[in-house]
Student: 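Right, I'll just put the structure down here and ask away after.
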Amino acid sequence: MKKYIADIREKTSGMNRKEAYAYIWTYYWYHIMGILAMIALILLFAVHYGFGNKKPLFTCILVNQEASMDGTQAAAETFADYAGLPRERVAITSDYMFSYGDVRLEGVNEGSYEKFFFQWRNEEIDAVIIPESFYQHVKEMGGNFRVLKKTEGLAPYMDGDSCTAVLLGHDTFTKKVSGKEGEKLLLAFPENGKHEETCKVFLQYLKNKEREGEELETIFNR
């Protein structure tokens with residue numbers, strides 16, 4: 001760069017400002033465009049990763065549940081408003097249908113199984129709504145759940161002497177695909193989740209919904 005600046009100064013030393021600008025544009029326009037393009041890319045990268053790619057402040061994943069996108073989106077927006085969080089920073093999704101253990105599903109994207117555990121390992125999941133059999137499967141895979149000291153009055157699920165989940169009701173989807181009666185539907189929180197305080201607010205949100213007369217197992221299935 002110093003070489004170019006010195007060369008320009010030497011060759012424009014006898015020119016007025018207008019002539020110098022014309023000379024620079026004529027002979028160095030491609031250098032100028034290259035520098036401008038580089039600056040634009042740097043700014044685009046900074047804006048995208050600094051402002052446009054913010055990670056969720058709360059992520060809840062529903063596994064093997066017949067919840068519509070409209071239902072989970074409505075629940076995410078309602079909870080965001082309740083928790084005082086930006087709507088775009090709360091993610092509740094049911095796009096996780098796969099086989100595991102004795103539960104065999106047909107015509108589903110098994111890649112979501114790998115995606116689930118990848119997100120788990122990367123500490124990207126704050127809450128899960130899952131059948132009891134999948135809760136046990138996660139434990140067999142080495143996953144641990146947060147011990148709950150308070151459940152905000154919701155029905156506790158005891159794993160030995162510890163409360164590690166909340167009982168939302170019965171899992172109707174598992175019954176439909178396997179015929180298994182009495183499968184429990186649980187809300188649990190991965191031990192490595194990053195947003196523990198928001199998880200507590202989520203429990204309060206569900207309790208508030210229960211007070212309003214909504215069945216917990218149907219809040220997302222709309």
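All values derive from a computational prediction rather than experimental measurement. We use all heavy atoms of the structure for the numbers below, so side chains are in, but hydrogens, waters and symmetry mates are not. By convention here, the first residue in the shown sequence is residue 1.
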Student: How would you list all residue pairs meeting salt bridge (charged side-chain N to carboxylate O under 4.0 Å, His left out) that involve residues 183-199, not counting sequence neighbours?
Tutor: Arg146-Glu196, Lys180-Glu183, Glu197-Lys200
Student: How about Tyr82 and Gln204: do any of their side-chain heavy atoms sit closer than 4.5 Å?
Tutor: yes
Student: Ser112 side chain to Lys115 main-chain N or O, any donor-acceptor pair under 3.5 Å?
Tutor: no
Student: How many angstroms lie between CG in Leu41 and CD1 in Ile39, if you round to the nearest 0.5 Å?
Tutor: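 Rounded to the nearest 0.5 Å, the CG-CD1 separation comes to 10.5 Å.
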Student: Got a sec, which residues hit salt bridge (charged side-chain N to carboxylate O under 4.0 Å, His left out) with Lys207, two or more places apart in sequence or on another chain?
Tutor: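 Listed in chain order: Glu210.
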Student: side-chain contact (heavy atoms from CB on, under 4.5 Å) with Ala127: which residues, sequence neighbours excluded?
Tutor: Phe58, Cys60, Leu187, Phe189
Student: Looking at CG of Asp126 and OG1 of Thr59, how far apart are the two atoms once the value is rounded to the nearest 0.5 Å?
Tutor: 5.5 Å
Student: Is there side-chain contact between Ile61 and Phe116, with at least one heavy-atom pair below 4.5 Å?
Tutor: yes
Student: I'd like to check the side-chain contact (heavy atoms from CB on, under 4.5 Å) partners of Asn122; sequence neighbours left out, ordered by chain and number.
Tutor: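 Asn122 satisfies side-chain contact (heavy atoms from CB on, under 4.5 Å) with Phe118, Glu124 only.
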Student: Just so I know, are the side chains of Leu186 and Val166 near enough to count as touching, which here means a heavy-atom distance under 4.5 Å?
Tutor: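 No, too far: nothing below the 4.5 Å cut-off.
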Student: Apply the test ring-ring contact (aromatic ring centres under 6.0 Å, His included) to residues Phe134 and Phe98: give CA-CA distance (whole Å), side-chain angles for both, the deciding distance (0.1 Å), then the verdict.
Tutor: CA-CA 11 Å; Phe134 188 67; Phe98 45 72; 5.5 Å; yes
Student: Identify, with sequence neighbours excluded, every residue that meets side-chain contact (heavy atoms from CB on, under 4.5 Å) alongside Met38.
Tutor: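 For Met38, the residues satisfying side-chain contact (heavy atoms from CB on, under 4.5 Å) (neighbours in sequence not counted) are Ile42.
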Student: Please tell me if the side chains of Leu57 and Val90 come closer than 4.5 Å, counting only heavy atoms from C-beta onward.
Tutor: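 No, every pair of side-chain atoms sits at 4.5 Å or beyond.
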Student: Output all residues satisfying side-chain contact (heavy atoms from CB on, under 4.5 Å) with Glu212, sequence neighbours left out; order by chain, then residue number.
Tutor: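 By the side-chain contact (heavy atoms from CB on, under 4.5 Å) rule, Glu212 matches Asn208, Lys209, Glu214.
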Student: Using 30° and 60° as the class limits, which term best fits the ring planes of Trp120 and Phe145: parallel, tilted or perpendicular?
Tutor: perpendicular
Student: To the closest 0.5 Å, what do you measure between SG (Cys199) and NE2 (His195)?
Tutor: 9.0 Å
Student: Could you list the residues that satisfy side chain to side chain donor-acceptor pair (under 3.5 Å) with Asp171, not counting sequence neighbours?
Tutor: Gln65, Thr174
Student: Under the salt bridge (charged side-chain N to carboxylate O under 4.0 Å, His left out) definition, can you give me all pairs with a residue in residues 15-37, not counting sequence neighbours?
Tutor: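 Matches after skipping sequence neighbours: none remain.
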Student: Decide yes or no for Val103 and Asn64: does some side-chain heavy atom of the first lie under 4.5 Å from some side-chain heavy atom of the second?
Tutor: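 A side-chain contact under 4.5 Å exists here.
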Student: Using every non-hydrogen atom in the two residues, find where Ala188 and Ala165 come nearest and quote the distance to one decimal.
Tutor: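 The pair with the smallest heavy-atom distance is CB-CB, 3.9 Å.
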Student: Group every Ile, Leu, Val, Met, Phe, Trp and Tyr by side-chain heavy-atom contacts under 4.5 Å, then state whether Phe117 and Met97 land in the same group.
Tutor: yes
Student: Is there any salt bridge (charged side-chain N to carboxylate O under 4.0 Å, His left out) pair reaching into residues 71-94, and which pairs are they, with sequence neighbours excluded?
Tutor: Glu77-Arg87, Asp81-Arg87
Student: Using modelled atom types and a 3.5 Å cut-off, is there a donor and acceptor pairing between side-chain atoms of Ser162 and backbone atoms of Met158?
Tutor: no
Student: Kindly list each side-chain donor-acceptor pair under 3.5 angstrom involving residues 148-157, sequence neighbours excluded, with atom names and distances?
Tutor:
| unit_1 | atom_1 | unit_2 | atom_2 | d |
| --- | --- | --- | --- | --- |
| Thr151 | OG1 | Leu154 | O | 3.0 |
| Tyr157 | OH | Glu132 | OE2 | 2.7 |

Student: Enter the distance from Leu206:CG to Leu168:CG here, rounded to the nearest 0.5 Å.
Tutor: 6.5 Å
Student: Once you round to the nearest 0.5 Å, how far does OG1 of Thr78 lie from CD1 of Ile92?
Tutor: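 Going from the OG1 atom of Thr78 to the CD1 atom of Ile92 covers 8.5 Å.
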Student: When you compare the side chains of Thr164 and Tyr135, does any donor N or O come within less than 3.5 Å of an acceptor on the partner?
Tutor: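 There is such a pair (donor and acceptor under 3.5 Å, judged by atom type) between the side chains of Thr164 and Tyr135.
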Student: If the condition is side chain to side chain donor-acceptor pair (under 3.5 Å), which residues does Tyr113 pass it with, not counting sequence neighbours?
Tutor: His137
Student: I need the full list of side chain to side chain donor-acceptor pair (under 3.5 Å) pairs touching residues 91-100, with sequence neighbours left out, sorted by first then second residue.
Tutor: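 The answer is Tyr96-Gln119, Ser99-Glu110, Tyr100-Ser133.
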